[in-house]
Amino acid sequence: MNIFNFYQKKIIETIKKNKRSLKISEVNFNGMQVELAPEKFNCDISTNIVMLLTKRYKKDLQTFAHDLKNLLIKQIKDFQNIEIAGSGFLNITLKEKSLLKIIEQILKNKDKYGSLKQNKKINIEFVSANPTGPMHVGHCRGAVLGDVISNLFLFNGNKVIKEYYVNDYGVQINNFVKSVYLRIREIKYKESFQNSPDLYPGDYIIDIAKNILKSHPKLNVDNYENCFNELKNKSLKLSLDSIKKDLKSLGIVHNNFVSETYLVNEDFVSKTINLLKKGSHIEEGFLQPPKGTENKNWKKIKRLIFKSTKFGDDNDRALQKNDGSWTYFANDVGYHNFKISKKYDLLINILGADHTGYIKRITAAVEAISNGKTKLNCKVSQLVKLFKDGKPFKMSKRAGDFVTLNEFLNEVDKDAIRFMMLNRSSDVELEFDFAKVIEKTKENPIFYVQYANARINSIFRSLKKNKDKKIQLSDGTINFNEIEKKILRKSFEWPKIVENSSNKLEPHRITFYLYELSTLFHSFWSKGNEEEKYRIIIDGKLNRSESLLILQLLSSVIRNGMQILGVSLPEKM
RNA sequence: GCGCCCUUAGCUCAGUUGGAUAGAGCAUCGGUUUUCUAAACCGAGGGUCGUAGGUUCGAAUCCUUCAGGGCGCGCCA
């Protein structure tokens, strides 16, 4: 239940019904907001409707505000009081009984509270790291972002396919296989591995080589060409398995792995190119030499070009290389047509910051292929900088210059990584200090939220009460104290947080929200040490049932949030 | 040269389709424990929301100018 939507509807209905007495004709509610007022106003909901309508119908603000106030109080029985702020906001306080009704409804909704109850089919592509080496920290942020966005859409009732595009095609793969080949020969024939710029030097290649030798000791590696295919399949599988294993340690499991080679071999790429030709989005021609940096490989050759400038891209894009084979982009266009053919309502791509420039061309391709029917939403995640105690951190160089996800997971647990990766908007660089995330203090937000919930549990334990069981209030009169009301109001905001996070693909709003919610709780808890009337338990007995109800609500919201984040919530700490 | 992102307190950052006196954490200073978990809480100081214009009842938020930082600009993937 979203109380803002609920009361917005009621207010609109009431105004419509009373157009005549309010002396307005056609009513236009565009821009109307019903939301939580800043804390200092001490009310439950507030709306800007007066400012909107007086401007639209040129009424006197104070007069109209008073008329509307009287009308709403009389006709909407949940409203206890309405204050008119100087600026024209109506600040509404709800009756305690109505608050109770809302809480009960929320608790009945349980783990569905806040769900947008959509029913769409969504494809989200994320990670898609090259299968030529292990995952590193750089991949991690996009991985968590994609996974939590998936969880959000699932929470909202959608069908979500999490997809990984495997770039198992092209020169880099050949270099990768060649590296494995040379490592195998190194082991078998003691030929020393000579590094060169187009080979992969990392130790993980040795692991792959050993692994292949172990399971296939009789593999003939005398001739590279002869064993290439077998070697390629085995190496890729091992590499991908290790990536999947790392992802799983982060709590991430994709539903689909789509192979680039498969798409090329099944002619998906050429079919897509033909489709685009029919729509005259492709021509044969010449491109301008690249601007900015110089490029040695550039050649003026007639080739197939996708006219992405028609869709707002800076340049048209090549679909063929010098030798006539497809470019990475051409294959990706094929891949996106593959997705379009599966009739999704929405496509989402999570990209790294270095792929920002790629967005326009691929969005253009999707628009061209689907005639604007399929929407592709690209989200970029900025860089992660590792720190330890405020100093830049580098780990061992097993895989080259970057820290592997595996090494990272040895230092920090999955929950901390997931939470911290979302403790910033994905638009800004993230400083990840992992001395901090293993701390057990307020400075570590994940701990702070988990601790709040553990404390709530401890209250229910002490009272020997079941947290999930309905709480009967002792007598008819309900009276929430001011801090309980703060928690209540914050909990009412949860559906809005879900909505915004989901619509804008910004799940960091959830981590911030949970932190703020936890602050209110810790404050409530400590208040009991100062004044007895705020204590939840006195002499082993429950002081006020209202408190327990609020805690039940609070814990339920925290649980929903953490579930979407995929972060665990210990019973006890 | 072009595109995208960023610029808010000493530091790291939030800020709802434009709303009320711009908010957190850290750091600094001062307080709170015979009591449900002090792994916590409370209080104080700290701001020209990068700059200059514009749009309007109302701008950190929208438009334009300029400045600073990051990423990218392949016929690599």
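When reading the values below, keep in mind they use all heavy atoms of this one structure, side chains included, and skip hydrogens, waters and symmetry mates. Throughout, a chain's letter reflects where its sequence line sits, starting with A, and its residues are numbered from 1.
Nucleotides B/A60 and B/G43, compared at atom C1', are 28 Å apart to the nearest Å. Comparing the C1' positions of B/G19 and B/G46 gives an interatomic distance of 26 Å, to the nearest angstrom. Between the C1' atoms of B/U61 and B/G18, the separation comes to 6 Å (whole Å). With both ends at atom C1', the span from B/C66 to B/U21 equals 31 Å, rounded to whole Å. Nucleotides B/C2 and B/U16 place their C1' atoms 33 Å apart, quoted to the nearest Å. To the nearest whole angstrom, the two P atoms, one in B/C5 and one in B/G10, are 27 Å apart. For B/C57 and B/G72, the P atoms lie 45 Å apart once the distance is rounded to whole Å. B/U55 and B/G1 have their P atoms separated by 31 Å, given to the nearest Å.
Put simply, A/K442 has a side-chain N or O that comes within less than 4.0 Å of OP1 or OP2 on B/C41. Contact check, A/Y448 against B/C41: a side-chain N or O comes under 4.0 Å of OP1 or OP2. When the side-chain nitrogen and oxygen atoms of A/K572 are compared with OP1 and OP2 of B/U37, none of them lie within a distance under 4.0 Å. In terms of phosphate contacts, A/S458 brings no side-chain nitrogen or oxygen within less than 4.0 Å of OP1 or OP2 of B/C36. For B/A38, one of the phosphate oxygens OP1 or OP2 lies less than 4.0 angstrom from a side-chain nitrogen or oxygen of A/W525. Residue A/K440 has no polar side-chain atom (N or O) positioned under 4.0 Å from OP1 or OP2 of B/A40.
Remark: the A/Y515 side chain and the A/N423 side chain contain no N/O donor-acceptor pair separated by less than 3.5 Å. A side-chain donor from one of A/H336 and A/N349 sits under 3.5 Å from a side-chain acceptor of the other. Side-chain N/O atoms of A/D323 and A/S325 include a donor and acceptor closer than 3.5 Å. The closest side-chain donor-acceptor pair between A/E484 and A/S547 falls under 3.5 angstrom. For A/E482 and A/Y534, the side-chain atoms include at least one donor-acceptor pair closer than 3.5 Å. Side chains of A/N457 and A/K572: no donor on one and acceptor on the other come within 3.5 Å. Using modelled atom types, one finds a donor on one side chain and an acceptor on the other under 3.5 Å when comparing A/N322 with A/R303.
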Quiz prompt | Steps toward side-chain hydrogen bond (donor to acceptor under 3.5 Å, both in side chains) verdict (A/Y328, A/Q172) | solution = CA-CA 11 Å; A/Y328 172 84; A/Q172 50 154 6; over 6 Å; no

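For CD of A/E531, the number of neighbouring non-hydrogen atoms (other residues, nucleotides, ligands) closer than 6.0 Å is greater than 12. No more than 12 heavy atoms of other residues, nucleotides or ligands shown are found within 6.0 angstrom of NZ on A/K299. For A/E439, the CD atom counts as densely surrounded, since its 6.0 Å shell holds more than 12 non-hydrogen atoms of other residues, nucleotides or ligands.
For A/Y451, counting side-chain heavy atoms from C-beta on, the closest listed nucleotide (B/A40, B/A77, B/U35) is B/A40. Closest contact between the side chain of A/Y358 and the listed nucleotides B/A77, B/U16, B/C41 involves B/A77. Side chain of A/T441, nearest nucleotide from B/A40, B/C71, B/A77: B/A40.
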Below 3.5 Å is the cut-off: list the nitrogen or oxygen pairs between protein and nucleotides 19-22 of chain B, distance only.
from: B/A20; atom 1: N6; to: A/S46; atom 2: OG; distance (Å): 2.9
from: B/A20; atom 1: N6; to: A/N91; atom 2: OD1; distance (Å): 3.4
from: B/A20; atom 1: N1; to: A/N91; atom 2: OD1; distance (Å): 3.0
from: B/A20; atom 1: N1; to: A/N91; atom 2: ND2; distance (Å): 3.1
from: B/U21; atom 1: O2'; to: A/K40; atom 2: NZ; distance (Å): 3.3

Below 3.5 Å between N/O atoms, which protein atoms pair up with nucleotides 27-32 of chain B? Just atom names and distances, please.
none

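With the nearest nucleotide of RNA chain B identified for both A/K436 and A/H355, A/K436 has the one nearer the 5' end. The nearest heavy atom of RNA chain B to A/N130 and to A/Y515 marks one nucleotide each, and the one closer to the 5' end goes with A/Y515.
Between the C1' atom of B/C76 and the CG atom of A/L319 lies a distance of 15 Å, rounded to the nearest Å. Separating the CD1 atom of A/I456 from the P atom of B/A40 is a distance of 16 Å, rounded to the nearest angstrom. Rounded to whole angstrom, the span from the CG atom of A/N315 across to the P atom of B/C75 amounts to 9 Å. Rounded to an integer number of Å, the gap from CZ of A/R535 to P of B/U33 is 14 Å. One can place NZ of A/K465 at 19 Å from P of B/C36, the figure rounded to the nearest angstrom. Rounded to whole Å, the distance from OH on A/Y534 to P on B/C42 is 13 Å. Between the P atom of B/G74 and the CZ atom of A/F306 lies a distance of 18 Å, rounded to the nearest Å. The distance between atom NZ of A/K527 and atom C1' of B/U37, rounded to the nearest whole Å, is 20 Å.
The ring-ring contact (aromatic ring centres under 6.0 Å, His included) check on A/F41 picks up nothing, with sequence neighbours excluded. Under the salt bridge (Lys or Arg N to Asp or Glu O under 4.0 Å) criterion, A/K232 pairs with no residue, sequence neighbours left out.
Among the protein residues, A/F447 comes within range of the nucleic acid bases, having at least one heavy atom under 4.0 Å from a base atom. Using a 4.0 Å heavy-atom criterion, one finds that A/K299 contacts the bases of the nucleic acid, with or without backbone contacts as well. Within 4.0 Å of A/G170, counting heavy atoms only, lies no atom of the nucleic acid at all.
Between the side chain of A/R418 and the backbone N or O of A/L565, at least one donor-acceptor pair lies under 3.5 Å. Side-chain N or O atoms of A/Y204 include one that pairs as donor or acceptor with a backbone N or O of A/T132 at under 3.5 Å.
Cation-pi check for A/K59 over A/F64 is not met; the charged atom does not lie both under 6.0 angstrom from the ring centroid and within 45 degrees of its normal.
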Practice problem: Any chance you could list the contact pattern along nucleotides 2-15 of chain B? Use B for base contacts, S for sugar-phosphate-only contacts and - for none, protein heavy atoms under 4.0 Å, 5' to 3'. | Solution: -SSSS-----SSSS

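The residue from A/Y262, A/W326, A/Y335, A/F338 that alone fulfils the ring-ring contact (aromatic ring centres under 6.0 Å, His included) condition with A/F268 is A/F338.
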Practice problem: Treat a base pair as Watson-Crick or G-U wobble with both distances under 3.5 Å, then lay out RNA chain B in dot-bracket form, 5' to 3', with | for cross-strand pairs. | Solution: (((((((..((((.....[...)))).(((((.......))))).....(.(((..]....))).))))))))....

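Taking the O4'-C1'-N9-C4 or O4'-C1'-N1-C2 dihedral as appropriate, B/U33 has a value within 90° of 0 and is therefore syn.
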